[in-house]
K.L.:
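Pasting a structure here, questions to come.
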Amino acid sequence: MAAVKYQQKIHNAFADVLIAERKRELEEALADKPELLKALKDNPFNSAEIDAVLDNNAALCEYFAVKSEEGEGLEFSSERTKSVKQTVKANIAYYNNLCAFIEQEDVEEYKAIYAAIKKQLDKYFEIAAEDILEDVYGDAYAELKARITAEEEEAQAKRVAKRNENKAKGNAE
């Protein structure tokens with residue numbers, strides 16, 4: 001699986017979907033108490049799940065693969081010696097160590113090597129985050145991702161067409 005364009009926008013929109021579902025349930029439960037409904041904030045939930053979706057990819061992977069019960073249900077598509085949970089846990093530890101090494105290292109050559117390794121782990125977590133969200137949420141996530149990607153691609157195509165049109169007008173004058 002390749003990296004996902006517009007990933008942060010997609011994750012933010014999906015967190016909004018998760019919040020909306022929970023808020024709708026809460027509103028139904030409080031239908032006979034309008035004074036409590038008026039007191040609701042946009043996100044009245046203290047939810048590790050939503051926080052993970054809104055956080056960086058490493059934190060998202062750590063939450064779903066290691067800290068939540070969903071982690072037990074995640075499996076690789078082929079036989080491996082380690083489970084998804086064990087693999088993500090090891091990669092999180094390595095990632096956190098790399099971040100500390102980069103911050104503490106004084107020798108620029110080492111710092112550059114650590115940064116290059118971290119960049120590759122960032123790519124790993126970017127791809128793994130998408131796999132995890134698709135495994136955990138299925139079509140709900142996949143459909144939202146497809147819709148937002150299509151919308152963004154269409155908007156980008158319009159911007160490029162407009163820019164090309166403006167260039168053509170500038171060259172014609």
K.L.:
For the pair N97 (side chain) and A93 (backbone), establish whether a donor and an acceptor sit closer than 3.5 Å, ignoring hydrogens and angles.
P.N.:
yes
K.L.:
If only atom types and distance count, is the side chain of E105 paired as donor or acceptor with the main-chain N or O of I102 below 3.5 Å?
P.N.:
no
K.L.:
So do I148 and F14 actually touch side chain to side chain, heavy atoms under 4.5 Å?
P.N.:
no
K.L.:
Hey, what do you get for OG (S68) to NZ (K85), rounding to the nearest 0.5 Å?
P.N.:
8.5 Å
K.L.:
Which heavy atom of Q7 sits nearest to which heavy atom of E126, and what is that distance?
P.N.:
NE2-O, 3.0 Å
K.L.:
Give the cluster check for Y6 versus V160: same hydrophobic cluster or not, with ILVMFWY residues linked at side-chain heavy-atom distances below 4.5 Å.
P.N.:
no
K.L.:
Give the minimum heavy-atom separation between K82 and Q86, together with the two atoms involved.
P.N.:
CA-OE1, 3.3 Å
K.L.:
Between A52 and A59, which heavy-atom pair has the shortest distance, and what is it?
P.N.:
CB-O, 4.4 Å
K.L.:
If you take the centroid of each ring, where Trp contributes its six-membered ring, are Y110 and F101 closer together than 6.0 Å?
P.N.:
no
K.L.:
With a 4.0 Å cut-off on N to O distance, would you call E28 and R24 a salt bridge?
P.N.:
no
K.L.:
Walk me through it: do Y141 and I10 pass the test side-chain contact (heavy atoms from CB on, under 4.5 Å)?
P.N.:
CA-CA 9 Å; Y141 181 74; I10 294 166; 3.4 Å; yes
K.L.:
Taking NZ, NE, NH1 and NH2 as the nitrogens, is one of them in E143 or R147 under 4.0 Å from a carboxylate oxygen of the other?
P.N.:
no
K.L.:
Is it true that atom CD of E165 has more than 12 heavy atoms of other residues, nucleotides or ligands lying nearer than 6.0 Å?
P.N.:
yes
K.L.:
Please report the C-alpha distance between D122 and Y95 in whole Å, then the side-chain angles of each, then the deciding distance to 0.1 Å, and finally whether the side chain to side chain donor-acceptor pair (under 3.5 Å) criterion is met.
P.N.:
CA-CA 9 Å; D122 284 333; Y95 184 82; 2.7 Å; yes
K.L.:
Nearest 0.5 angstrom please: I19 CD1 to L54 CG, how far?
P.N.:
6.5 Å
K.L.:
Less than 4.5 Å apart, side chain to side chain, heavy atoms only: is that true for D55 and L60?
P.N.:
no
K.L.:
When you look at L133 and K145, which way does the side-chain contact (heavy atoms from CB on, under 4.5 Å) test go after all the steps?
P.N.:
CA-CA 10 Å; L133 289 174; K145 181 170 85 171; over 6 Å; no
K.L.:
Report the C-alpha distance between F125 and N91 in whole Å, list the side-chain angles of each, state the deciding distance to 0.1 Å, and finish with yes or no for side-chain contact (heavy atoms from CB on, under 4.5 Å).
P.N.:
CA-CA 9 Å; F125 285 119; N91 285 335; 3.9 Å; yes
K.L.:
Compare all side-chain heavy atoms of E130 with those of H11 and state whether any distance is below 4.5 angstrom.
P.N.:
yes
K.L.:
I need the C99 SG to Q104 CD distance, nearest 0.5 Å.
P.N.:
11.0 Å
K.L.:
Kindly compute the distance separating CZ (R159) from CD (E154), expressed to the nearest 0.5 Å.
P.N.:
11.0 Å
K.L.:
Please round to the nearest 0.5 Å and tell me the distance separating atom CD of E62 and atom CG of N56.
P.N.:
9.5 Å
K.L.:
CD1/I132 to CZ/F64 distance, rounded to the nearest 0.5 angstrom?
P.N.:
8.5 Å
K.L.:
For Y124 and N57, what are the C-alpha separation, side-chain angles and deciding distance, and is it a side-chain contact (heavy atoms from CB on, under 4.5 Å)?
P.N.:
CA-CA 9 Å; Y124 160 82; N57 290 320; over 6 Å; no
K.L.:
Can you find a pair of side-chain heavy atoms, one from Y94 and one from I117, that are under 4.5 Å apart?
P.N.:
yes
K.L.:
Around atom NZ of K111, are there more than 12 heavy atoms of other residues, nucleotides or ligands at under 6.0 Å?
P.N.:
yes
